[in-house]
Structures are given as structure tokens and as C-alpha cells.
K.L.:
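The structure follows.
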Protein chains: 2
Amino acid sequence: MRQNAARRAALLDAAIEVLAREGSRGLTFRAVDAEAGVPTGTASNYFGDRDDLLTQAGGRVYERLRPDAAGITAAMEGPRDRDRVIELMRDLVARVTEFRSGYLALVELRLEATRRPRLREVLTGVIGADLQGNVEFHLGTGLPGDATTVVLLYLALNWLILERLTLPEVIPGERVDELVAEAVRRIVPG
Amino acid sequence: MRQNAARRAALLDAAIEVLAREGSRGLTFRAVDAEAGVPTGTASNYFGDRDDLLTQAGGRVYERLRPDAAGITAAMEGPRDRDRVIELMRDLVARVTEFRSGYLALVELRLEATRRPRLREVLTGVIGADLQGNVEFHLGTGLPGDATTVVLLYLALNWLILERLTLPEVIPGERVDELVAEAVRRIVPG
DNA sequence: TCATAAGCACTACACTTGAAGTGGTGCGAA
DNA sequence: TTCGCACCACTTCAAGTGTAGTGCTTATGA
């Protein structure tokens, strides 16, 4: 088992791309090697088995989906009203939609988690923690709404993004901003 | 190309099970043969290629997810108020969650549609038509709310179901009914 | 009623692809 | 000088595809 941390990270990033492009079944050591541009057999040397690779990729892909520090401090500024929530949610949807491969990889991993208990544990942990973190952030910054508000926004916006990334013609791009605004208006108490 | 319609349908149903259990990459002629309990090579004789199989499975899986005639007429009865919508949505979520393999197969197909234009067209057609149909049904039966109401419920409830089917511990089963009710209360005008 | 033909189920096989894992070599850094 | 890693090569294994071929079943017409 090799120890080079930078190379391991590069392999995991390559794994995310492969996941999004080829699906979880397409995530093979060979494919990761090719995507990362390293010689055949390298991924074999860094991960014990596919389960290992999948689990570590699961941790990393979700980590990369989270906003950076600058984004977080920016989110804490401005007024604490519903219009501000609309802004924040639009930014969120735009940002996540932008990271197409990461989001698709995450959905692939969700489906794969159906068959892999270890992966399910890992994903349950990171996603549950993130949702919980969103709730605390929302309440902590004094934005309007309660815990249920945050959960309902999480549900609606996630599927909206999935819809846009998989079957974009079902909900045209021009409707997205208005749909997000309307979701917030109805879900967040005035 | 064989013509036996019953056998073709059985093969498509087998394909749905395989999709849910093994993912889209696992959907091979061999696997369908095995799942359907027919000799090796049978699926080869019924579908020209994988694209064919995937596309036809896409049509069938969605068809089977729709409520039957009895369910539709039942939905048209009762009062036309918000509490009635809560009931209907709870039934919907329960019914779709029940058909686990069908729902998971559909998500697999969404991801596969990312890579297959023909499949994307088919899914865009059936899913767009279903969403449109839901809007018309809702408005036509005089239930409270507008088109946006239906779309927002569609978004939130779909991800709720996905969450429950893939990572059930993130949102515990006991919270589902209350979450659905709260979603309806906020999204559907009183 | 029987002969004939057509379609299908089923089997077997040849071919291709893709992946896994591992042993060995050379290089670079401690 | 030695240890660890990058890199390459090779063997082995597993799956899947497409199709040729055989025999059964059934429909059709004299």
C-alpha cells in the first residue's frame, strides 16, 4: 500500500470523474489509472479493493461539494430576510449545478450504497452531518424559518438539480430561478 | 427478432429488477436472461442492442409506476381541501416507495440518460408528460394550488423518496408522514 | 387427418474485451 | 547504500456478445 498523499488525492479526483461519466460499475482500477494519467496498476497499489476506492471517493466527493470558507462568510452577510434566502438558494443551486461531475458522482454513490453497507454508512454520516450543519447554520445566522424549513428546501432543491443535470428539458433553465424563488417564498415563513 | 409479446414483457420486467439491483452497467443480456429464468441468448434474440433494451425498459418502468385506474378514481373523491392533498401525497409517497425496484431503476436510467441521447429523449417524454398530467389532474379536480404547487411537491417528494430508498437513516421513517404534511401545508395555499 | 412449413426455444461455441494482480526493474531520496 | 515508489510487462481469469444449428410446437392447407 503506497503512502504518497498527493497521488492518492489525484487518484480520488480521477475516480470522481470516472464515476460521473461511466457510473459506479465503470469505476475500475484501470479506468482510474487512465483518467489520472498514471500507469496501469497504480490504483491497485493505492486501494485494497473496489470497496475501499468507492468509500474514499464518497468522502472526497461530498467534501468538494461544500462551499469554501469565503462562500460561508459571504453567506453570513446581508439582511436576514426571505429575499436574502432566495439569493442564497439561487447561489447554492448554481454552484452545485456547476460541479456537474461531483453531483452526478454523488448520486451514483447513493445508488451504489444500496448494495454496499460500508459505503452506506459513510454517506449517511457525511450527508446527515451536512444537512444537520445546514440547519444549524440557518438557525444560527438568524435567517427566517425553522429546521423543517431547511429540510424541505434541501429536498426540493436537490431534485431540481438532479432534474436539470439528467433531463434538462423537463424543467427548462429559464424556469429555475423563478422556481427557486417560489419554493423559498412558500417554504420559508414570511 | 422474436415476436412473442408475453416473453418480451417478462424480459423487460426482469430488466427492471436487474437495473435496480445491479445498476445500469449491470444490465447485460446475460443478466436479463438469468433474472427471467430463460436460456442464455434469449434477450439477444429479442433486443437489437443494449440501447434498445434500455430504452424499452425505460418506457415500461415508468408505466408501472403510475397509479392504476382504481387509484385514480379514488383520488378524485373526497373533499377538495388541503388536508385531502396531504392524504393523497402520503399515499403517493407510500405507493412509490413500495415499488422500490421500479423507482431505483428509474434513477439508474436517469443517470444512464446522461450518456445515451435516445434514452434521454424517451425519459424526457414520459416524465415530462407525467408531470404535465399531474398538473392537469390537480387543477382539473379542483384541488387547491396552481401549477407551481404541483411542481414543487413533485420536487420535494421525489427527493424524499430517493433519500428513504438510498440512505434511510438520514431521514427516519417516523418523520416521513409529518414531513409530507408540512410540505403540503407550506407549498399548497390554504 | 396428415404432411409440410414456419417460428421459436434452447444449446453450444467461437471470439472479443476488459480487468485483476503481481513480479521485477530502475530511479531517487533519505 | 538502502528503502520505497513509479513504472512496465505478463499471466490469468471472468463476462459478455452474437450466431449457427437443432429439435419441438403449432398453424395451414390439401
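These numbers were taken from a predicted model, which means no experiment stands behind them. Order of the sequence lines sets the chain letters (A, B, ...), proteins ahead of strands, with each chain counted from 1.
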K.L.:
May I have the distance from F29(A) (atom CZ) to dT12(D) (atom P), rounded to whole angstrom?
P.N.:
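These atoms are roughly 21 Å apart.
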
K.L.:
Does N4(B) put a side-chain nitrogen or oxygen below 4.0 Å from OP1 or OP2 of dA9(C)?
P.N.:
yes

K.L.:
Are R7(B) and dC10(C) close enough that a side-chain N or O sits under 4.0 Å from OP1 or OP2?
P.N.:
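Yes, R7(B) has a side-chain N/O under 4.0 Å of OP1/OP2 on dC10(C).
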
K.L.:
Taking any heavy-atom pair under 4.0 Å as a contact, classify Y46(B): base, sugar-phosphate, or nothing.
P.N.:
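Sugar-phosphate, no base atom in range.
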
K.L.:
Starting at atom CG of D52(B), determine the distance to atom P of dG18(D), rounded to an integer number of angstrom.
P.N.:
11 Å

K.L.:
Send over the distance from D33(B) CG to dA9(C) C1', rounded to a whole Å.
P.N.:
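Taking CG of D33(B) and C1' of dA9(C), I get 12 Å after rounding.
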
K.L.:
Would E17(B) and R21(B) satisfy salt bridge (charged side-chain N to carboxylate O under 4.0 Å, His left out), going step by step from the backbone distance to the final call?
P.N.:
CA-CA 6 Å; E17(B) 294 305 313; R21(B) 200 178 57 238; 5.5 Å; no

K.L.:
Looking at dG7(C), I'd like to know if its phosphate oxygens (OP1 or OP2) sit under 4.0 Å from a side-chain N or O belonging to R2(B).
P.N.:
no

K.L.:
Measure the distance from CG on N45(B) to C1' on dA6(C) and round it to the nearest whole Å.
P.N.:
16 Å

K.L.:
DNA chain D: F47(B) or G37(A), which has the more 5' nearest nucleotide?
P.N.:
G37(A)

K.L.:
I want to check something: taking the side chain as every heavy atom from C-beta on, are V107(A) and L165(A) in contact at a cut-off of under 4.5 Å?
P.N.:
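Heavy-atom side-chain distance check fails, nothing below 4.5 Å.
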
K.L.:
Would you mind telling me which residue lines up with the more 5' stretch of DNA chain C, T28(A) or Q3(B), judged by nearest nucleotide?
P.N.:
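It is Q3(B) whose nearest nucleotide is closer to the 5' end.
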
K.L.:
Under a 4.0 Å threshold between the charged nitrogen and the carboxylate oxygen, would R120(B) count as salt-bridged to E169(A)?
P.N.:
no

K.L.:
In whole angstrom, give the distance that lies between atom CZ of R25(A) and atom P of dG18(C).
P.N.:
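Between P of dG18(C) and CZ of R25(A): 15 Å.
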
K.L.:
What's the CG-C1' distance between L27(B) and dG16(D), to the nearest Å?
P.N.:
13 Å

K.L.:
Whole-Å distance between dG21(C) C1' and R50(A) CZ?
P.N.:
16 Å

K.L.:
Give T42(B) one of three labels, base, sugar-phosphate or nothing, depending on what nucleic acid heavy atoms sit under 4.0 Å from its own.
P.N.:
nothing

K.L.:
Determine, for F47(B) and R8(B), whether the Lys NZ or Arg CZ falls below 6.0 Å from the six-membered ring centre while staying within 45 degrees of the axis.
P.N.:
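Relative to the ring axis of F47(B), which defines the angle, R8(B) lies inside both limits.
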
K.L.:
Within the structure, does a side-chain N or O atom of S44(A) lie under 4.0 Å from either OP1 or OP2 of dA20(C)?
P.N.:
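False: S44(A) side-chain N/O out of range (4.0 Å or more) of dA20(C) OP1/OP2.
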
K.L.:
Tell me which one of T148(B), V85(B), L152(B), V151(B) satisfies side-chain contact (heavy atoms from CB on, under 4.5 Å) with I187(B).
P.N.:
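Among T148(B), V85(B), L152(B), V151(B), the one meeting side-chain contact (heavy atoms from CB on, under 4.5 Å) with I187(B) is L152(B).
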
K.L.:
Over how many whole Å does the gap from E22(B) atom CD to dA15(D) atom P extend?
P.N.:
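Value for this atom pair: 11 Å.
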
